[in-house]
Amino acid sequence: MATRKAGAVSIPASGGEAGLNRYLAEIKKFPILAPEEEFMLAKQWREHGDTEAAAKLVNSHLRLVAKIAMGYRGYGLPVSELISEGNIGLMQGVKKFEPDRGFRLATYAMWWIRASIQEFILRSWSLVKMGTTAAQKKLFFNLRRMKNQINAFEDGDLKPQDVTKIATDLGVTEDEVISMNRRMAMGGDTSLNVSLKGDEGGESQWQDFLVDNGPLQDELIAEDEESRVRHDLLLSAMDSLNDREKNILTERRLSDDPKTLEELSQVYGVSRERIRQIEVRAFEKLQGALIRLATDKKLLAAA
């Protein structure tokens, strides 16, 4: 893995198996940031261009990159290169991160990390680059997971019932599933039993670094915080509407089964056009209230 920099940020270099093992051990030394510290560092970087703050943000999330990269280890590409590409995505995420939005960096950066790794994989797979559609990309990055879920571990063609299930779940044709499965079989998988010699003596294998495919604890916390903040803001903003506006907006835009203008016009005894006008006005009032509340939240956080 080549050394890469973003401002003053320097990612530890890694060459070969031993170098990668040293890198994995090294990134464990960087502490996970508390929410308050992460927020202040992100503010220093965004508002003052503090590269030391950016370096701390990047270093504290290098383990997240390694975890995500391990999930793509079966595409026949060196894990060190996947991590390197993921680190580039992490830096892009840090660069564009807006801490005032109220959620954690891990939640935001993980999408940049995955996008960077996936683009690298697609560039590296010549078979996939030929006429790849959005559906084929979706199939490419989900086929192994689907096969694991249905215990379809055979190296050859999938069973007809397995092909049907995968095609249905992913919204692609059965021919595309068969074709992609054969293409990926040609690419070969990276063995999980490759030995890694640690710096502190003893030996371990790649599979020792595998973890639960579920999200990291800080990701769960970040997602929960983001959801809670949005929910609280929405509830507070809804108080700016009168009862009729609140009900019409809820029935038209916040319901799983939205009502038509005709249905609401009958409820309130007015024309459909009048219902539409009330809906538009209520939505504009809601947007204004959300902006004011978000601005107040930023001011409080900065105080």
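No hydrogens, no waters, no symmetry mates; every other heavy atom, side chains included, goes into these values. Owing to the predicted nature of the structure, the values given are computational and were not obtained by experimental measurement.
For the side chain to side chain contact (heavy atoms under 4.5 Å, CB included) test with R272, the passing option among E262, Q277, Q266 is E262; the others fail.
Closest approach of L24 to A66, counting heavy atoms only: CD2-CB, 4.1 Å. Pairing each heavy atom of A109 with each of L90, the nearest pair is CB-CD1, 3.9 Å. Looking at every heavy atom in both residues, L241 comes nearest to A282 through CD2-O, 3.5 Å. Considering every non-hydrogen atom in both G86 and I113, the closest pair reads O-CG1, 3.7 Å.
S116 places no side-chain N or O within 3.5 Å of a backbone atom of W112 that could act as its donor or acceptor partner. Looking at N59, its side chain does come within 3.5 Å of a backbone N or O of A55 through a donor-acceptor pair. Using a distance-only test at 3.5 Å, with no hydrogens or angles considered, no donor-acceptor pair links the side chain of S84 to the main chain of E81. Between the side chain of R114 and the main chain of G89, no donor-acceptor pair closer than 3.5 Å is present.
Here the CD1-CZ distance, from I278 to R244, works out to 3.5 Å after rounding to the nearest 0.5 Å. For the atom pair F97 CZ and R104 CZ, the distance stands at 8.0 Å (nearest 0.5 Å). In this structure, OH on Y268 lies 7.0 Å from CD1 on I275, to the nearest 0.5 angstrom. From S60, atom OG reaches atom CD of E38 across 6.5 Å, with rounding to the nearest 0.5 Å. Between I291 atom CD1 and L286 atom CG the span is 10.0 Å, to the nearest 0.5 Å. Put simply, CG on L82 and CD1 on I117 are 6.0 Å apart, with the number rounded to the nearest 0.5 Å.
With sequence neighbours left out, the side-chain contact (heavy atoms from CB on, under 4.5 Å) criterion links E47 to K43. Scanning for side-chain contact (heavy atoms from CB on, under 4.5 Å) contacts around T250 gives M238, K246, L254, with sequence neighbours left out. The salt bridge (charged side-chain N to carboxylate O under 4.0 Å, His left out) search around E174 returns none, not counting sequence neighbours. Listed by chain and residue number, E245 satisfy the salt bridge (charged side-chain N to carboxylate O under 4.0 Å, His left out) test with R281 (two or more places apart in sequence, or in another chain). Annotation: side-chain contact (heavy atoms from CB on, under 4.5 Å) contacts of S236 (sequence neighbours excluded): L293. Looking at residues two or more places apart in sequence or on another chain, you find a side-chain contact (heavy atoms from CB on, under 4.5 Å) between R46 and E98, P99.
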Q) Can R252 and L261 be said to form a side-chain contact (heavy atoms from CB on, under 4.5 Å), step by step? A) CA-CA 8 Å; R252 289 285 293 161; L261 294 174; 3.7 Å; yes
Q: For W45 and E52, run side-chain contact (heavy atoms from CB on, under 4.5 Å): C-alpha distance rounded to whole Å, both residues' side-chain angles, the deciding distance at 0.1 Å, then the answer.
A: CA-CA 8 Å; W45 163 243; E52 184 176 344; over 6 Å; no
Q | Test side-chain contact (heavy atoms from CB on, under 4.5 Å) applied to N87 and V58, step by step | A | CA-CA 8 Å; N87 286 341; V58 170; over 6 Å; no
Q: Please test F30 against K56 for side-chain contact (heavy atoms from CB on, under 4.5 Å), starting from the C-alpha separation and ending with a verdict.
A: CA-CA 8 Å; F30 295 117; K56 290 181 179 179; over 6 Å; no
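By the 4.0 Å N-to-carboxylate-O rule, E273 lies close enough to R276 to be salt-bridged with it.
Around CG of D243, the count of heavy atoms belonging to other residues, nucleotides or ligands within 6.0 Å does not exceed 12. Within a 6.0 Å radius of NZ in K95, no more than 12 heavy atoms belonging to other residues, nucleotides or ligands are found.
Geometrically, R253 engages F283 in a cation-pi contact, judged by NZ or CZ lying under 6.0 Å from the ring centre and within 45° of the ring axis.
Taking 4.5 Å as the limit, some side-chain heavy atom of R63 sits within range of a side-chain heavy atom of I32.
The hydrophobic cluster containing V280 does not contain L249, counting ILVMFWY residues as joined when their side-chain heavy atoms lie under 4.5 angstrom apart, directly or transitively.
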